[in-house]
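When reading the values below, keep in mind they use all heavy atoms of this one structure, side chains included, and skip hydrogens, waters and symmetry mates. Quick note: residue numbers are just sequence positions, from 1.
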Amino acid sequence: DMLEITEHSQATGWDVVFRIDSKNMLRNVTDIITLVYVIVTAILIVLLTLSVFYSKMFSEPVRKILEAMREVENGNFDIAFDVKGRDEIGQLADGFKQMTGKLEEYIRTSFLARLRWKEAELSSLKAKIKPHFLYNSLEIIRMNAVTNNDESTAELALLLADQMRYSLGQLDGKVPLSRELEMIRNYFAFIDIRYNHGIVWDIAAENGLEHAMVLGLMIQPVVENAIIHGIKPRGAGHVQIIAERNNADLVVRIMDDGIGMDQDILLGLTHQLNDDKFDDKDSEALEGGRDPMGLKNVHDRLRYEYGDPYGLSISSAPQIGTSVTMLLPLFFEEKDV
C-alpha cells in the first residue's frame with residue numbers, strides 16, 4: 001500500500017528514499033476527477049437548458065408565422081401576430097406582414113376594378129331588357145316610314161336598330177377596329193340627321209390596323225360625349241378620329257373643336273377618371289364639363305382589361321376644343337402581317 005521513490009545524490013553519495021501511502025497520493029487526483037465530472041455535468045445541464053430556451057425562442061415566432069400563413073391561405077388577411085427582434089426571424093415576420101398588406105391591397109384593387117367593369121357593363125346594358133321587342137318595334141316603325149315615303153325616319157330606325165344590335169352584342173368581347181369604326185360611321189350618319197348635318201366628321205386609320213382587336217363600344221361613348229358637351233353648345237363643329245400605331249400600342253384620338261374645358265374642370269375630370277371610389281352619384285360634380293361617367297366607364301374597361309398604363313388621357317382648352325387619347329396594346333386576331 002506504500003509507494004517508494006528513491007533518488008541518489010551525487011554530491012553526498014546518499015540515497016534519498018520517499019515513502020507515501022498510495023491512497024493519500026491518489027486522493028487529490030480522485031478529487032480532481034470528481035470535480036471534472038461535476039463541472040461537465042453542470043455544463044451539460046446549462047447547455048440543455050440553453051438549447052431548450054433558444055429552441056423555444058426560435059420556434060415560437062416560426063410557429064406564429066406558419067399559423068398566419070394558414071390564415072392567409074384560408075382567405076383571412078386580418079391577422080395580427082407579435083414577432084419582435086431584428087434577427088432573420090424578425091425580418092421574415094416583417095416581410096410577411098408587408099407582403100400580406102400588399103396582397104390584400106392588390107386583391108382589393110382587383111376587386112374594385114372588376115366591380116367597375118361590371119358597373120360599366122351594366123350601365124351600357126340597360127337597354128338589354130327585351131331587345132327583340134325593341135328590334136321588332138324599330139322594324140315596324142321603319143316599315144311604316146317606308147310605306148309613308150318618310151325616308152329619313154326609316155333610315156333613323158335602321159341605323160338605331162343596327163346600333164342597338166352592336167351595343168348589346170359586343171360588350172363582353174373584342175371586335176376588329178374596322179367593325180368599331182364602321183359603327184361610328186353609322187352613329188355619325190344618325191347624328192347627321194338628328195343635327196341637320198351641322199357636325200362635320202372624318203375618320204382616319206393607319207394602314208394595316210383594320211384587323212386590330214379592340215374592346216367593343218369603346219369609341220362611341222367618347223364621340224357622344226364630344227358631340228353633346230363640346231359641339232352641341234356651340235351649335236356646329238368638327239369631330240375627328242385618328243387611329244395609329246405607337247410601337248407595340250394602338251392609339252386612338254377623338255378630337256373636337258367644341259367649347260373645351262378650363263384647367264379646373266379638366267383636372268377634376270382627370271382625377272375622377274382615376275378615382276376608384278367615384279360613381280354615378282358624383283357624376284354631376286363637373287358642372288358645364290364632360291360627363292365623367294361615360295368617359296370613366298371606357299377608362300375602367302381599358303384599365304381592367306389591359307392594366308396600367310392603358311386607358312384614357314384628356315387635354316383641352318376653352319373655346320379651342322378637346323382631345324381624348326385612348327391607349328391600348330396592339331394585337332391581332334390572326335398573325336400580324
Any side-chain heavy-atom pair of [X] and [Y] under 4.5 Å:
| X | Y | answer |
| --- | --- | --- |
| Glu4 | Val17 | yes |
| Leu177 | Glu210 | no |
| Ile314 | Thr322 | yes |
| Met213 | Phe331 | yes |
| Val16 | Thr6 | no |
| Asp308 | Arg303 | yes |
| Ile241 | Val223 | yes |
| Phe188 | Val239 | yes |

Closest non-hydrogen atom pair between [X] and [Y], with its separation:
| X | Y | value |
| --- | --- | --- |
| Met326 | Met218 | CE-O, 3.2 Å |
| Gly321 | Ser316 | O-OG, 3.1 Å |
| Ser315 | Leu266 | CA-CD2, 4.3 Å |
| Phe332 | Arg245 | CZ-NH2, 4.0 Å |
| Pro318 | Met261 | CD-O, 3.3 Å |
| Gly198 | Ala236 | O-CB, 3.2 Å |

* Asked: Can we say Arg185 and Glu182 salt-bridge, meaning some charged N sits less than 4.0 Å from an Asp/Glu carboxylate O?
  -> no

* Asked: In chain order, what residues pass the salt bridge (Lys or Arg N to Asp or Glu O under 4.0 Å) check against Glu244, with sequence neighbours excluded?
  ->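 Residues passing salt bridge (Lys or Arg N to Asp or Glu O under 4.0 Å) with Glu244: Arg253.
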
Interatomic spacing from [atom1] in [X] to [atom2] in [Y] - rounded to 0.5 Å:
| X | Y | atom1 | atom2 | answer |
| --- | --- | --- | --- | --- |
| Tyr306 | Leu250 | OH | CG | 9.0 Å |
| Ile259 | Arg234 | CD1 | CZ | 8.0 Å |
| Thr270 | Gln263 | OG1 | CD | 9.0 Å |
| Asp256 | Lys232 | CG | NZ | 14.5 Å |
| Phe18 | Glu7 | CZ | CD | 7.5 Å |
| Leu330 | Asp249 | CG | CG | 7.5 Å |

Co-membership, hydrophobic cluster, residues [X] and [Y], 4.5 Å side-chain:
| X | Y | value |
| --- | --- | --- |
| Met255 | Leu269 | no |
| Ile203 | Val324 | yes |
| Leu47 | Ile39 | yes |

* To do: Linking directly or through intermediates, with side-chain heavy atoms under 4.5 Å: list the remaining ILVMFWY members grouped with Val36, chain and number order.
  => Ile32, Val40, Leu44

* Starting from the C-alpha separation in whole Å, work towards a yes-or-no answer on side-chain contact (heavy atoms from CB on, under 4.5 Å) for Leu215 and Lys174. => CA-CA 5 Å; Leu215 294 180; Lys174 299 181 179 64; 4.1 Å; yes

* **side-chain hydrogen bond (donor to acceptor under 3.5 Å, both in side chains) against Asp192, all qualifying residues, sequence neighbours excluded** =>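 Partners of Asp192 by the side-chain hydrogen bond (donor to acceptor under 3.5 Å, both in side chains) criterion, ordered by chain and then number, come out as Trp201.
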
* State which residues pass ring pair (Phe, Tyr, Trp, His ring centres under 6.0 Å) with Tyr310; sequence neighbours excluded, sorted by chain then number. =>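 Not a single residue meets the ring pair (Phe, Tyr, Trp, His ring centres under 6.0 Å) criterion with Tyr310.
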
* Quick one: which residue pairs count as a salt bridge (charged side-chain N to carboxylate O under 4.0 Å, His left out) with a foot in residues 311-330, not counting sequence neighbours? => none

* With Val200 via side-chain contact (heavy atoms from CB on, under 4.5 Å) - residues at least two apart ->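 Applying side-chain contact (heavy atoms from CB on, under 4.5 Å) to Val200 gives His238.
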
* Where do His299 and Asn274 land on the side-chain contact (heavy atoms from CB on, under 4.5 Å) test, with the steps shown first? -> CA-CA 8 Å; His299 181 71; Asn274 297 287; 3.4 Å; yes

* Take Val252 and Ile242 through the test side-chain contact (heavy atoms from CB on, under 4.5 Å) and record every step on the way to the result. => CA-CA 6 Å; Val252 180; Ile242 299 176; over 6 Å; no

* For Ile219 and Ile254, run side-chain contact (heavy atoms from CB on, under 4.5 Å): C-alpha distance rounded to whole Å, both residues' side-chain angles, the deciding distance at 0.1 Å, then the answer. => CA-CA 8 Å; Ile219 299 178; Ile254 300 94; 4.2 Å; yes

